[in-house]
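To keep things clear, I will list the structure first and then write my remarks on it.
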Amino acid sequence: MAVQFSPGTPRLISGDTGSSAPPASADSLGQAIDPLTGLVILLRDQTEEITCDFSADIYDGHRLARIELNRAEPRGDGVICHGSYRRVSGYTSSESRSRQVPLSISYVSHQGGYRADRVRVETRYGAAVVKQR
């Protein structure tokens, strides 16, 4: 699947999403970014104080989701940012049942800045945790 993100509104240009749900409306994509760019932004080393103030629309060529971090919890030599992953459009009704799921990212002090150390997302199967080595 290939999605073109510039210039203008992101759009699917080739491939099959494999979803039976109607795709997200192009009118709702605005400043959406691709999933990998979202991960890089959230997981890259930070040189400034972590504010846990982040919001971005994520578009994969069919589905639109929003990631928000909006609450900081100081912890030891770092901070845990709490927020959510919210399914916005392009999802089937069964996928939309768990429309909003809790998300947290732990950042620890590292070489004068901060490094993402742990990501936790609650799923219908339990918590999914990714830990930095």
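In this text the structure is predicted, and so the values were computed from the model without any measurement.
Sequence neighbours left out, the pairs with a member in residues 70-86 that pass salt bridge (Lys or Arg N to Asp or Glu O under 4.0 Å) are Glu73-Arg75.
A continuous path of ILVMFWY side-chain contacts below 4.5 Å connects Ile41 to Ile105, so both sit in one hydrophobic cluster. With hydrophobic clusters built from ILVMFWY side chains whose heavy atoms lie under 4.5 angstrom apart, Leu103 does not share a cluster with Ile80. Cluster membership check: Val108 does not share its hydrophobic cluster with Leu69, using side-chain heavy-atom separations under 4.5 Å among Ile, Leu, Val, Met, Phe, Trp and Tyr.
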Derivation and outcome, side-chain contact (heavy atoms from CB on, under 4.5 Å), residues Leu29 and Leu64 | CA-CA 7 Å; Leu29 300 180; Leu64 179 64; 4.0 Å; yes
Would you sort out whether Ser89 and Arg63 count as a side chain to side chain donor-acceptor pair (under 3.5 Å), showing the intermediate values?
-> CA-CA 6 Å; Ser89 60; Arg63 297 166 192 85; over 6 Å; no
Test side-chain contact (heavy atoms from CB on, under 4.5 Å) applied to Val130 and Arg118, step by step | CA-CA 6 Å; Val130 177; Arg118 184 173 180 256; over 6 Å; no
Might you work through the side-chain contact (heavy atoms from CB on, under 4.5 Å) test for Asp34 and Asp60, ending with a clear yes or no?
-> CA-CA 6 Å; Asp34 66 278; Asp60 71 358; over 6 Å; no
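Here Leu43 contributes atom CG and Arg115 contributes atom CZ; the two are 11.0 Å apart, rounded to the nearest 0.5 Å. Annotation: the span from Asn70 atom CG to Ser84 atom OG amounts to 6.5 Å, rounded to 0.5 Å. Atom CD of Gln132 is separated from atom CG of Asp117 by 7.0 Å, given to the nearest 0.5 angstrom. Expressed to the nearest 0.5 Å, how far CZ of Arg120 lies from NZ of Lys131 amounts to 13.0 Å. The distance from atom CG of Asp57 to atom CD of Glu68, rounded to the nearest 0.5 Å, is 8.5 Å.
At least one side-chain heavy atom of Arg66 sits under 4.5 Å from a side-chain heavy atom of Ser55. Between Tyr114 and Glu48, the closest side-chain pair of non-hydrogen atoms is not below 4.5 Å.
Contact record, Ile58 with Pro35: CG2-CA, 3.6 Å, taken as the closest heavy-atom pair. For Pro74 against Val79, the heavy-atom pair with the smallest separation is N-CG2, 4.1 Å. Taking every heavy atom of both residues into account, Thr51 and Ala72 meet most closely at O-CB, 4.5 Å. Among all heavy-atom pairs drawn from Leu42 and Tyr107, the shortest one is O-OH, 2.6 Å. Of all non-hydrogen atoms in Ala65 and Tyr91, the two that sit nearest each other are CB-OH, 3.6 Å. When every heavy atom of His62 is checked against every heavy atom of Ala21, the shortest pair comes out as NE2-O, 2.8 Å.
Judged by distance alone, the side chain of Arg99 and the main-chain N or O of Val88 form a donor-acceptor pair under 3.5 Å. In this structure, the side chain of Gln46 engages the main chain of Arg44 through a donor-acceptor pair within 3.5 Å.
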